[in-house]
Amino acid sequence: MSATLIRGTEIRDEILKEIKAEVDRIKEEHGVVPGLVTILVGEDPASVSYVTAKIRTAQGLGYKEVQDNRSEDIAEEELLSLIEKYNRDESIHGILVQLPLPKHVDEKRVLNAVDPDKDVDGFHPVNVGRLMIGGSEVKFPPCTPAGIQELIVRSGVETEGAEVVVVGRSNIVGKPIANMLLQKAPGANATVTVAHTRTRDLAYHCKRADILIVAAGVPGLVKPEWLKPGACVIDVGVNRVGEKISEKTGKKVAILKGDVDFDKAKEIAGYITPVPGGVGPMTITMLMRNTLNSLKFHLGIA
Ligand code: NAP
């Protein structure tokens, strides 16, 4: 058996098209567009490349997009007043502070200064609480877990009553996706188990999973023989395992592998995400959706 490939790039394009249509409609009816500011401190190459990708996507959707780049030596107080400025700016609906911040800055203090109603990353404690409560309380589900849920639902995989096993309990992936899938709601209603490094028998839990979500950051952690035949496997892991020369550009690029042995797993699973091209493309897409929703909350049309 060969699994159905869950193509994140195709689902991303589908959702971006939906977002663009809504942005155009709101612009026509209300004369406003979503506004997103990205605050980048320093010049860390990975951060620059993430921010560039976010900016490009926002521009393609017709958002008002503000890039606020600051030097590495910015004082914490200055960063806090910058955030306060955007908290008050009515044309800005989403504030994104690119991590990591320099060591002299208290990251938690800065992130907590973002108005929870503009926290489109969904990491502010208020939004974590809203997510936990669920239902209409939820404003901004964190982007990678929201992307995972979209991949599952749009692939037609039934979550209701499903045994879901999440490997990993980080605040950005494992805990929120587990919480989202156990809610009493469409696209959720699952029975969820969360595994981690202290889990006694990881193979046992993986074998029970109708939907297995792996976010450990350990290449090849999940063995093909641990999969339930026909299961839906979402591989969140992105691990650099070497370098190669790109055929397209002739430049050195990283070889990326997931947490699941894809080639063998696809013969057993019913659905599977590739790495790259699975979960990866969804994160920025969900950031765009959260920013659009922020505008809709602001206009009272959500
Ligand atoms: P993280 O903060 O390092 O958390 C990893 C989690 O996996 C921890 O809870 C850890 O358990 C668990 N774990 C590690 N090794 C394990 C093992 N051998 N057995 C069982 N559990 C194990 O990582 P993260 O930020 O959630 O990211 C996880 C992976 O997803 C990384 O590869 C990351 O690059 C990728 N990622 C991708 C995207 C995207 O595609 N957009 C977004 C975010 C993350 P303990 O808690 O016990 O230490």
Side-chain angles (χ1 to χ4, degrees), residues 1-14 144-145 147-159 161-170 172-178 180-181 187 190-248 252-283:
M1 181 174 133
S2 200
T4 300
L5 203 58
I6 300 180
R7 294 176 202 275
T9 43
E10 283 177 15
I11 296 177
R12 169 198 64 194
D13 292 347
E14 189 180 305
T144 301
I148 294 170
Q149 191 175 31
E150 283 293 335
L151 289 179
I152 295 170
V153 170
R154 289 185 187 238
S155 301
V157 174
E158 183 57 81
T159 55
E163 290 287 342
V164 170
V165 175
V166 180
V167 182
R169 55 177 165 183
S170 71
I172 62 165
V173 189
K175 276 193 243 172
I177 189 60
M180 287 161 77
L181 292 177
T191 303
V192 183
T193 303
V194 182
H196 44 79
T197 56
R198 305 296 192 276
T199 296
R200 242 180 274 142
D201 189 346
L202 186 60
Y204 162 79
H205 291 288
C206 291
K207 282 178 188 169
R208 292 190 300 108
D210 300 313
I211 300 172
L212 179 63
I213 300 167
V214 193
V218 181
L221 172 68
V222 169
K223 310 292 172 240
E225 59 273 21
W226 295 1
L227 301 179
K228 181 172 177 177
C232 170
V233 179
I234 307 289
D235 190 350
V236 191
V238 181
N239 306 294
R240 285 164 190 264
V241 295
E243 284 184 335
K244 62 178 181 185
I245 302 293
S246 159
E247 280 175 22
K248 262 195 213 158
K252 260 193 199 168
V253 289
I255 302 173
L256 301 178
K257 285 246 184 299
D259 290 351
V260 179
D261 180 344
F262 178 81
D263 288 330
K264 292 187 184 138
K266 76 177 192 318
E267 299 306 319
I268 301 163
Y271 296 82
I272 191 164
T273 56
V275 177
V279 175
M282 297 299 289
T283 302

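Here the structure is a predicted model, which is why all the values come from computation and not from measurement. Both backbone and side-chain heavy atoms feed into the values below; hydrogens, waters and symmetry mates do not.
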Novice: Any side chain to side chain donor-acceptor pair (under 3.5 Å) involving residues 207-218? Give me the pairs, sequence neighbours left out, ordered by first then second residue.
Specialist: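 The answer is Glu163-Arg208, Thr193-Arg208, His205-Arg208, Asp210-Lys228.
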
Novice: Please identify each residue that fulfils side chain to side chain contact (heavy atoms under 4.5 Å, CB included) with Lys244, with sequence neighbours left out.
Specialist: Val253, Ile255

Novice: Determine which pairs satisfy side chain to side chain donor-acceptor pair (under 3.5 Å) with at least one residue from residues 211-225, sequence neighbours left out, and list them in order.
Specialist: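 Listed by first then second residue: nothing to list.
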
Novice: State which residues pass side chain to side chain contact (heavy atoms under 4.5 Å, CB included) with Arg198; sequence neighbours excluded, sorted by chain then number.
Specialist: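 Arg198: side chain to side chain contact (heavy atoms under 4.5 Å, CB included) contacts with Arg169, His196.
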
Novice: Can you name the residues that form a side chain to side chain contact (heavy atoms under 4.5 Å, CB included) with Ile172, not counting sequence neighbours?
Specialist: Phe123, Ser170

Novice: For Glu10, which residues count as a side chain to side chain contact (heavy atoms under 4.5 Å, CB included) partner, sequence neighbours excluded?
Specialist: Arg7

Novice: Please table the atom pairs, donor to acceptor, closer than 3.5 Å between any side-chain atom in residues 151-159 and protein atoms at least two apart or in another chain.
Specialist:
residue: Arg154; atom: NE; partner: Glu150; partner atom: OE1; Å: 2.6
residue: Arg154; atom: NH1; partner: Glu14; partner atom: OE2; Å: 2.9
residue: Arg154; atom: NH1; partner: Glu18; partner atom: OE2; Å: 2.9
residue: Arg154; atom: NH2; partner: Glu18; partner atom: OE1; Å: 2.9
residue: Ser155; atom: OG; partner: Leu151; partner atom: O; Å: 2.6
residue: Glu158; atom: OE2; partner: Glu160; partner atom: N; Å: 3.0
residue: Thr159; atom: OG1; partner: Ala188; partner atom: N; Å: 3.1
residue: Thr159; atom: OG1; partner: Ala188; partner atom: O; Å: 2.9

Novice: Pairs under 3.5 angstrom only: tabulate donor-acceptor contacts from the side chains of residues 230-243 to other protein residues two or more places apart or in another chain.
Specialist:
residue: Asp235; atom: OD1; partner: Gly237; partner atom: N; Å: 3.2
residue: Asp235; atom: OD1; partner: Asp259; partner atom: N; Å: 2.8
residue: Asp235; atom: OD2; partner: Asp259; partner atom: N; Å: 3.0
residue: Asp235; atom: OD2; partner: Val260; partner atom: N; Å: 3.0
residue: Asn239; atom: ND2; partner: Lys257; partner atom: O; Å: 3.0
residue: Asn239; atom: ND2; partner: Gly258; partner atom: O; Å: 3.3
residue: Asn239; atom: ND2; partner: Asp259; partner atom: OD1; Å: 2.9

Novice: For Pro224 and Ile268, work out which heavy atoms get closest and say how close.
Specialist: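 It is O-CD1, 3.3 Å.
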
Novice: Can you give me the closest heavy-atom contact between Thr144 and Val173, atom names plus distance?
Specialist: CG2-CG2, 4.3 Å

Novice: Not counting sequence neighbours, which residues clear side chain to side chain donor-acceptor pair (under 3.5 Å) with Thr9? List them please.
Specialist: none

Novice: Quick one: side chain to side chain donor-acceptor pair (under 3.5 Å) partners of Ser246, sequence neighbours excluded?
Specialist: Thr249

Novice: For Gly168 and Val194, work out which heavy atoms get closest and say how close.
Specialist: O-CG1, 3.6 Å

